[in-house]
Amino acid sequence: MARVLLHNLNKMFDGVHAVKDVNLEIRDKEFVVLVGPSGCGKTTTLRMVAGLESITSGDVLIGDTVVNNLPPMDRDIAMVFQNYALYPHMTVYDNMAFGLKMRKFERTEIGTRVQEAAEILGIQNLLKRKPRQLSGGQRQRVALGRAIVRHPRVFLFDEPLSNLDAKLRVQMRVELKKLHTRLNTTAIYVTHDQVEAMTLGDRVVVMRDGVVQQVGEPLELYNAPVNRFVAGFLGSPGMNFAAVRVSGEKDALRAHKPGFGIEVPPELAPRLAPYVERDVTVGIRPEDLHLSNGSDAAGLCFDAVVEVVEKLGSEILLDLQVGDQTMVAAVEPTVRAKRGDKLRFVVRPDRLHFFDKASEAAI
Amino acid sequence: MIEGAKWRRWVFFYIPLGVFVFVLLFPFYWMMVTTVRPDSELYRPWMAPNYTPFWTLHPTLEHIQYLLGETLFSTWMWNTLLISIVATIISVFCGLLAGYALSRLHFPFAGSLGTGIFITYLVPQTLLFIPLADIIRNFRLGDTPWALILTYPTFLIPFCTWLLMGYFKAIPRELEECARIDGATRWKAMVYIVFPVAVPGILSAGIFAFTLSWNEFIYALVFLSSPAQKTVPVGVTSELIRGDVFYWGPLMAGALLGSIPVAIIYSFFVEHYVAGVTGAVKG
């Protein structure tokens, strides 16, 4: 059990600054997910924690020890790789036992630990097989088993579910969560999939271009993103953005553009006041757009034309044309809409996000 | 398999394949027939009425008996075997370490070093034997098996290094990284994980190296002189062609028997060998 501390961590690759001044504290027993688009530095960060990548500057601490110059074997960590990295010439048992053998454990102890891990993962009957005789999901379990037999202080996961098909991925996601609850060990998990990040993480770290954008609990990130990137990255379908102009007086500000305009709710007015007669970006999540029943405040309503109807079952996605802008609305599955319909939508005032146009920071 | 009409399959598959197989196997057939053909048939003029070049009705073992009894063929076989095996072991061992280092370790000039090694492989032996002869003479190794055991690696090591380098590159890096996290040092990860996974590549490097040394001619011709030290290719050609007299029967018998060890090795490891050359790593 241990906390992991990243202090001013930097990585340069042949002149590319892949990780920039990352500061992060991962608490003991916490499950932290690093998420971001490919090339954002999340995997490099993880590999620096693992000791597979040298650290250009800054420190990595596991427990209270600076591990910068410790080889991977001495960091007491276990890592699960995207392609599982099972040793193809060894049986499942030997794969799981390898780490313990290298650490010179007693044979009986190795046997007990492998059995125990196999039971947790439900792979007792596969122990004699070779990796190539296993399905993707089974290989994934073996890779997990190999990590947990060692009882490491920290688990590192590098996109462990990306090679599985969609259904299995959802199933393994739940199992991973259960496993973490059961083992109660610090875990760092890297993924590019925001759904995995939101469902697995106690806290989520969103990264872009080597820089940490925001750290927080999943819903905190979802409801109060600090910038336009985080807002757009989390949520599916993504947040709608529109460039609008702020105008009006102190208490009656409007954000508008041709074909679209809403009143700025009073609680947001003080923050938007400096932006009067300037352009800002408004962000509205698809599920925060509702069909107006006529009794809504006129200032929060706007008209839209339906372009595409996507019937997902649990909800319906409407691709809308709003002025010169496209937006997506997620509406109840009972809504009957077809292409070309002109509908009136209302936004929830407390769910509006405004971003500075230049810095993209939340206002 | 080629799809479509039967004639297409014949024209594009069976007939070219047949021609290919014929061209490859006919020399062996010729070798075998000549080996068992009595001298009276061998030296029969082609216009003679009972001239049958492609088969014989009176097979004989006299050429093989002559080869084994009257020449030093068994000594040559032993020499060749010893030299090939030792040279192969040295070359595969060096190639293994060099190939691993060049494909996995980051050090300055790794790329240019790799290219450099390959370029040495491209220098023709027919040029290289001149300076090598000087070295062999200076070290007084002439006419000993060491002359070949130490010179064959000059072309075998670059070859093995390149073949294994390619093979190591095909092995996922994560395997090794995982081993190192699991508690293995770089050396242990190499010995317990990378090398076992690379067995097909190592085997094919070994088979190739063995075949190349087994068939090598020019170094053996230049560096060895006494009949008792010779290898099969040199021994057979120098002792069974006397002046302009070709002892066709024993010559072909020597060629046939000389190719048997290589054939056996290939047939044993053919599956590994194919996997090694195509670089397939099953995960």
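Hydrogens, waters and symmetry mates are skipped; everything else that's a heavy atom, side chains included, is used. Numbered from 1 within each chain, the chains take letters A, B, ... in sequence-line order.
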[X], [atom1]: over 12 other non-hydrogen atoms inside 6.0 angstrom:
{"X": "A/Lys178", "atom1": "NZ", "value": "no"}
{"X": "A/His17", "atom1": "NE2", "value": "yes"}
{"X": "B/Phe93", "atom1": "CZ", "value": "no"}
{"X": "A/Glu109", "atom1": "CD", "value": "yes"}
{"X": "B/Phe20", "atom1": "CZ", "value": "no"}
{"X": "B/Met32", "atom1": "CE", "value": "no"}
{"X": "A/Asp165", "atom1": "CG", "value": "yes"}
{"X": "B/Phe217", "atom1": "CZ", "value": "yes"}

Item to check | Which portion of A/Phe81 sits near chain B, non-hydrogen atoms under 4.5 angstrom | outcome: side chain
Checklist entry - Measuring heavy-atom distances to chain B, does A/Arg47 have an atom under 4.5 Å in its side chain, in its backbone, in both, or in neither? => result side chain
Item to check | Atom pair CG (A/Leu52) and CD (B/Glu176), whose distance is rounded to the nearest 0.5 Å | outcome: 10.5 Å
Checklist entry - In Å and rounded to the nearest 0.5 Å, what is the SG to CG distance from B/Cys178 to A/Asp158? => result 11.5 Å
Next on the checklist: I need the contact set between residues 116-123 of chain A and chain B: heavy-atom distance under 4.5 Å, sorted by residue number.
Outcome noted: none
Checklist entry - Between A/Met90, A/Lys101, A/Arg146, which has the largest tally of heavy atom pairs under 4.5 Å with chain B? => result A/Arg146
Next on the checklist: Looking at every heavy atom in both A/Ile77 and B/Ile181, which two are closest together, and how far apart are they?
Outcome noted: O-CG2, 3.4 Å
Checklist outcome for this item: Heavy-atom closest pair (B/Ala179 atom, A/Phe98 atom, distance to 0.1 Å) is CB-CE2, 3.9 Å
Item to check | Neighbours of chain A found in residues 182-193 of chain B - heavy atoms under 4.5 Å | outcome: B/Asp182, B/Gly183, B/Ala184, B/Thr185, B/Lys188, B/Tyr192, B/Ile193
